[in-house]
J.: 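The following block contains the structure, expressed as C-alpha cells.
Numbers here simply count residues along the sequence, with the first being 1. Atoms within a ligand are numbered from 1 in the order they appear, just like the ligands themselves.
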Amino acid sequence: MSEQLVQEKVLRDPIHNFIHVQDQIILDLINAPEFQRLRRVQQLGITSSVFHGAEHSRFGHSVGAYELARRVTEYFNQYYSKNNGHNGCWDPAESLLTMVAALLHDVGHGAFSHTFEHLFQTDHEAMTQAIITGDTEINRILLQQGPDFPNRVASVIAKTYPNQQVVQLISSQLDVDRMDYLLRDAYYTGTKYGEFDIDRIMRTMRPTAQGIGFDIRGMHAVEDYIVSRYQMYQQVYFHPVSRGMEVILEHLLHRVKELEQNQNVIEEDFVGPLLRPLFNDQPLSVDDYLRLDDHVFMTYINIWQDHPDQILSDLAQRFLQRRPLKSIQINEKTAPYLDNLEKIVQKAGYNPDYYTARNDAYDLPYDDYKPSDKKPRTQIDFILEDGTHQELSALSPLVAAIKGRASVDQRFFFPKEMLNTGPDELFAQIHHNFRSFIKNDTLTPPG
Ligand code: DTP
C-alpha cells in the first residue's frame, strides 16, 4: 500500500486542468532529480523550429500520462473492481503500479527526444528500464514499495508484465501515453488536428479478460482519435522543415565525432566531459546519460559556431539561425537519380556527406492483431451489447481504409542555395541543372 498524502497536491496543467497527486510516492518520484531532468528535454525535439509554441517538455507529458492513468484506475476501481463482486475484472491493487509506470514511461528519453535515438542508436525504453532498476533516486523511492517493485514497473515498460490490462493502459494503440501526447502536442503546436473527445473515450474504457476493451458507444470517439493521430503524423511529426533541421543537427554531430576521433585536429576541451563518452563510442553509464539534455547540446553548438573547422561552424550556424536543408519527395523509382543529384551538389561546393541526406519518415496509423508479425499490435476491441467483441476496423470504414497501411514520406535533403536563381550566381549553371530535376516538390528526372 502506498502512503496517501494528507492533502492532495495539484499541478496546474493546460491540458487536464489539474494533475492530482494523492500518493506520497508519486510526489517523491516527481521530485526525483532524474524526473526533473525531463523539464530540459523538449517533447517534440526541434519541431519547435516550425511550430514555435511547441516548447513543451517531456515533464509535462509524463505528468499528463500519469493523470490519465490516475483517472482510468480510479474509474475502474469504482465500477469494475473484482472486489465489488459484480462482473468486474480489475484488481485495484494494480492501480499504483499503473500510475507509476505511466509517470515514468519516458524517463529515459534523451536530448531532443527522438533525434538522440536516431543519432546515437540508443533506445529510450531500455534506458527507462535501466533508470528504474539502476542506482538512482527513482529506484530508491520505488524500493520503498517492496524489493520487487522496481522490476515490476520495468516489466510494464518492457510489456512483459503478466497483467495485460496494465500493459495496454501504458502501451498499446490507444493508451494514456498516446492520448496525452496527441492533445498536448496539438495544443502547444497550435494545430487542431490532434483533438478528440478524451472524456468520452475514458468513460467507455473497460478492463476485460484479454486486456482493455471499449464499450461500443465509444466507437466514433475512438475512430476520431485514430484519424487525429494520423493527421498529427502527416502535418506535424513528419513536417519536412523540422526534418531539414534534424538533418543539420545529425550531420553536425557526426562532424563533431569525426573531429573528436581524429586526435591531431582537436583542442582538449572540444567536447568537454559531459559529451566525451558519447563521441568516443564509450559505453554510456546511466549517470553519464542522465547528465545529457537539450541544454548541454545547445551550449556546445553555440560554442562550435566559431570553430575553425568550416563544416562544423557552418552547420552550427545553420542550426542556431534556423536555416534548414530543403527537401524534395523521392520514391523507389526516382531514388537511382540521387547519386546524380549528390554529384551536382558537390560541384556547387558542398560535401554531400554533410549537406545532403536521404530520410524516411514512417508510421503505421493502426493495425489489427496479426500473430505472425514480428511485433504484433494489440488491436482495439469493442464490447457489443451481447458481450461479444469486435475489432475497430470491422466497425469503422474510415479506420478500415488506413488499417495496416504504413504512411511513409521519403525525402532527399540538400542546401537551399541549390535553388538560387539569377544570372549573377557563381554556380548559376549548376543550380539550373539541379533544379531541372525538381517539379512540384518532387524528384522528377528531366526529359
Ligand atoms: P508511440 O507509442 O506512438 O509509437 P512512442 O515512440 O512510444 O510512440 P514517445 O512518447 O516516445 O512514444 O513518442 C511520441 C512523441 O514523440 C509524441 O509527442 C510525438 C512525438 N514524435 C513522434 N515522432 C516524431 C518525429 N519524427 N519528430 C518529432 N516528434 C515526434
Side-chain angles (χ1 to χ4, degrees), residues 15 38 41-51 53-66 68-69 101-119 122-129 131 156-159 167-189 191 193-196 212 225-226 228-250 294 324 327 357 359-367 375-378 380 406-411 413:
I15 308 304
L38 296 178
V41 177
Q42 278 197 9
Q43 174 74 11
L44 296 188
I46 46 193
T47 299
S48 57
S49 62
V50 176
F51 300 95
E55 299 273 356
H56 55 305
S57 71
R58 288 273 157 191
F59 179 93
H61 164 58
S62 299
V63 294
Y66 151 77
L68 294 183
L103 184 72
L104 298 181
H105 79 281
D106 267 352
V107 79
H109 254 297
F112 303 110
S113 289
H114 287 108
T115 312
F116 191 91
E117 292 195 288
H118 297 159
L119 278 175
T122 53
D123 171 358
H124 73 269
E125 284 180 11
M127 279 315 298
T128 297
Q129 292 166 57
I131 293 165
V156 176
I157 308 294
K159 305 182 194 66
V167 171
Q168 289 174 24
L169 283 174
I170 305 304
S171 184
S172 62
Q173 297 193 80
L174 208 185
D175 57 28
V176 295
D177 173 26
R178 289 185 176 190
M179 284 194 287
D180 182 83
Y181 80 58
L182 283 180
L183 293 178
R184 197 168 292 277
D185 295 347
Y187 174 86
Y188 281 102
T189 53
T191 58
Y193 316 105
E195 292 175 358
F196 59 92
I212 297 293
Y225 152 89
I226 295 285
S228 294
R229 185 172 177 281
Y230 173 76
Q231 295 274 17
M232 282 295 281
Y233 268 85
Q234 300 301 314
Q235 305 285 338
V236 176
Y237 308 138
F238 285 1
H239 200 290
V241 177
S242 55
R243 281 159 63 199
M245 288 293 288
E246 195 171 349
V247 169
I248 291 196
L249 176 63
E250 202 169 315
D294 296 3
S327 65
N359 173 287
D360 294 355
Y362 171 92
D363 179 57
L364 185 57
Y366 175 73
D367 208 358
K375 284 187 184 166
R377 309 250 160 173
T378 318
I380 298 179
S407 45
V408 184
D409 185 43
Q410 299 178 293
R411 288 188 164 264
F413 288 84

J.: Just to verify, what does Y193 make a ring pair (Phe, Tyr, Trp, His ring centres under 6.0 Å) with, not counting sequence neighbours?
T.: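 Here no residue qualifies.
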J.: Of all residues at least two apart in sequence or in a different chain, which pass the ring pair (Phe, Tyr, Trp, His ring centres under 6.0 Å) check with Y230?
T.: none
J.: Can you say whether the rings of F51 and H239 are parallel (under 30°), tilted (30 to 60°) or perpendicular (over 60°)?
T.: perpendicular
J.: CE of M179 to CZ of R184: how many Å apart, nearest 0.5 Å?
T.: 13.0 Å
J.: Taking non-hydrogen atoms within less than 4.0 Å of ligand 1, which protein residues qualify?
T.: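 Contacting ligand 1 under 4.0 Å are Q43, L44, T47, R58, D106, H109, H114, H124, D177, R178, Y181, D185, R229, Y233, Y237.
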J.: Decide side-chain hydrogen bond (donor to acceptor under 3.5 Å, both in side chains) for S48 and Q42; before the verdict, give the C-alpha distance in whole Å, the side-chain angles of both, and the deciding distance to 0.1 Å.
T.: CA-CA 9 Å; S48 57; Q42 278 197 9; 3.1 Å; yes
J.: Could I get the full list of ring pair (Phe, Tyr, Trp, His ring centres under 6.0 Å) partners for F413, not counting sequence neighbours?
T.: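 Testing F413 for ring pair (Phe, Tyr, Trp, His ring centres under 6.0 Å), a comparison that skips the adjacent residues, returns none.
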